[in-house]
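Down below is the structure, laid out as structure tokens.
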Amino acid sequence: MNQWWRDRVAYQIYPRSFLDSDGNGIGDLRGIIHKLPYLKELGIGILWLSPVYCSPNDDNGYDISDYRDIHPDFGTMAEMDKLLDLAKKLDIRVVMDLVINHTSDEHEWFKKSRDPESPYRDYYIWRPGRNGRKPNNWTSFFAEDCWEYDEHSGEYYLHLFSKKQPDLNFRNPKVLEEIKDIMRFWLHKGVSGFRCEVINVIFKESLEDGRKRMILTGREHYLTREGTHEILRELRRDVLSRFDCFTVGETVMVTPKTAFDLSDPSRKELDMLFSFEHMDTDAVIVKWFRTRFRPKKFCNVLCKWQTALDWNANYFENHDQPRCVSRFGDDRDYRSESAKMLCVLLLSLRGTPFIYQGQEIGMTNFDFTSMEQIRDVESFNVYRLATRLHFPKAFRWHMIQQSGRDNARTPMQWSPGRNAGFSSGTPWIGINRNYTDINVETQEKNPSSVLAFYQKMIRLRNKTKLLKSGGFRCVKIRRKLFVFERFNESGSITVIISFSKKAVRFRASGKPILSTCDRSEYDGILRPYEAILLQGRVGG
Ligand code: ISL
């Protein structure tokens, strides 16, 4: 079968923050429809939409109360159909978020399951306490307990994320049948696949106490268990294989070995997956404790994954991560240079590249100044926990500022006009003050902008077989330099990347195919944060 998902560049939209067409301060489907030509112009071939389903928005749509309907904030099903239709005409494949580890506690299934006699009881994981204590010692992803007590039935339910996100019980075959139906519903509508959210935690092998750990006590009982592999194969067999579609798993805490098993084509589970190790290289144990970014460590991890898997889903940003230019580049003195360098790196690796909205104009972390500007449930929980643990206030704030997910959730900066052209109303979250400089409209007029560079690089990737499907070979990793090669039987391309603010020497011959400094000859010296693609092998 034609694996078109390997040949295309993907773009993630976080709908709340993309474009608001009706002035209620929240991005919507009409806004996305309006900007599809913009994505086409950028060279995008796959569009991943973060959840637009009905949701009470405890976790901005990742708590779904109806999988078959659109949240009124975002629009209507008719608009969704229109979006799918127009995307098809533009040859952009749409991928939806499939959030099945949990639903909202306001989903009909959960409401019914509160009644111990209901056939829906077993859709979720309900357990009695143990002598007045919780059913086990597990801890949650969101810095809170992961068991919530229900007065009415005298039992607890499990939630690995917020308490408004109860975990589904995948030991109940009926649950899986429901999920299959939901998938068919969207595939019949014309979506081309799913980003399968936290898919490697869905199957809880046991509910025993876990080994005490700094994070996620209990995880050995649910991380990538055999039951998950079986479910993935069943979904492929009964649903996905009948459609022209693909899946990308969001797989937390995977190792190269577990990731290999989840995405090995012969096992027929996932087509590719998002791993996290490269995103953890600037953190100590948890993302809330950041250390200095060390390019060497980062590139070593990238190489490891490039070699471990045949195909990666590559990304440097998403709605859960701070902005990459603020993190791996320099958003003060070399914003444009480092944003372009990261663009070359992302789009030259082997695998499907995923660009997150705003990355293509070099959007930076949110310049917020107080907790009042924060909207994310995870940040609230962590801040509360850090207060309980007596972390000094300045440190607590530093944690949120550096690592909070709202960094990437500020509205897309379309123009230097009011509210960055995002909304005519009051935006649901603040807009970064740098929008007068960093915005699409201004960059569209500037041939040396980050946006113009993304267009060029994506175009190059889209037409270059070597970049799309060539093999990967690491050539050199120095403290602030990364050199690798993409090759096939008919040739090769050398990719040279500098993470340095200073000039860096690296001897190589070959004609530049593309450079972030727009040069036609390479003299062996990289300028600050330069990235360059050379025809042929190093020295050859
Ligand atoms: O950002 C994280 C916590 O610090 C990640 O661990 C994140 O929670 C994890 O990657 C799962 O993310 C997905 O599921 C969450 C949702 O909040 C995220 O937005 C989503 O990407 C729960 O549904």
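Whatever order the structure lists ligands and atoms in, that order sets their numbers, starting from 1.
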Quick note on ligand 1: atoms under 4.0 Å from a heavy atom of Lys287 include exactly 1 (O), 2 (C), 3 (C), 4 (O)
State the atoms of ligand 1, each with its element, that fall below the 4.0 Å cut-off from a heavy-atom position in His319. 18 (C), 19 (O), 20 (C), 21 (O)
In this structure, does ligand 1 have an atom that sits under 4.0 Å from one of the heavy atoms of Arg195? yes
Check each atom of ligand 1 against the heavy atoms of Gln165 and keep those under 4.0 Å away; list them by number with element. 22 (C), 23 (O)
Against ligand 1, does Gln321 come closer than 4.0 Å with any heavy atom? no
Do me a favour and list the nearest non-hydrogen protein atom to atom 6 (O) of ligand 1 with residue, atom name and distance? Phe141 CD2, 4.0 Å
Charged tip of Arg225 within 45° of Phe203 ring normal and under 6.0 Å: no
Please lay out, stage by stage, how Tyr38 and Trp414 fare under the test ring-ring contact (aromatic ring centres under 6.0 Å, His included). CA-CA 11 Å; Tyr38 164 82; Trp414 294 106; 5.1 Å; yes
Does either side chain, that of His221 or that of Ser206, offer a donor lying less than 3.5 Å from an acceptor on the other one? yes
Pair Glu277-Thr281, side-chain donor/acceptor within less than 3.5 Å: no
Subset of ligand 1 atoms that lie under 4.0 Å from at least one heavy atom of Arg409: 19 (O)
The atoms of ligand 1 lying under 4.0 Å from a heavy atom of Glu378, numbered in the order shown, are 1 (O), 2 (C), 3 (C), 4 (O)
Taking only heavy atoms of His102 into account, list the atoms of ligand 1 that are under 4.0 Å away from them. 22 (C), 23 (O)
Quick check: closest heavy atoms across Asp66 and Tyr53, and the distance to 0.1 Å? O-CB, 3.4 Å
Per-atom contacts, ligand 1 versus Asp59 - under 4.0 Å to a heavy atom: 15 (C), 16 (C), 17 (O), 22 (C), 23 (O)
Val198 heavy atoms within 4.0 Å reach ligand 1 at atoms 11 (C)
Heavy atom of Val99, distance to ligand 1 below 4.0 Å: no
Looking only at protein heavy atoms, what sits closest to atom 7 (C) of ligand 1 is Asp320 OD2, 4.0 Å
Pick whichever of Met279, Met253, Arg405, Glu250 has a heavy atom sitting closest to atom 12 (O) of ligand 1. Glu250
Between Thr410 and Tyr435, do the side chains contain a donor N or O and an acceptor N or O under 3.5 Å apart? no
Mind checking whether Phe368 and Phe366 have parallel, tilted or perpendicular rings, split at 30° and 60°? perpendicular
A student comparing Phe276, Phe161, Tyr62 should find that the heavy atom closest to atom 8 (O) of ligand 1 comes from Phe161
What class does the angle between the rings of Trp428 and Tyr14 fall in, given that below 30° is parallel, 30 to 60° is tilted and above 60° is perpendicular? tilted
Can you tell me if Gln402 uses its side chain to pair, donor with acceptor, with the backbone of Met399 under 3.5 Å? no
Nearest protein heavy atom to atom 14 (O) of ligand 1, by residue and atom, and its distance? Glu197 OE2, 2.3 Å
Exercise: do His319 and Tyr62 side chains pair donor with acceptor under 3.5 Å: yes
Check: Trp288 N/O within less than 3.5 Å of ligand 1 N/O: no
Any carboxylate oxygen within less than 4.0 angstrom of a Lys/Arg side-chain nitrogen, looking at Asp331 and Arg323? no
Less than 4.0 Å from atom 16 (C) of ligand 1, is there any heavy atom belonging to the protein? yes
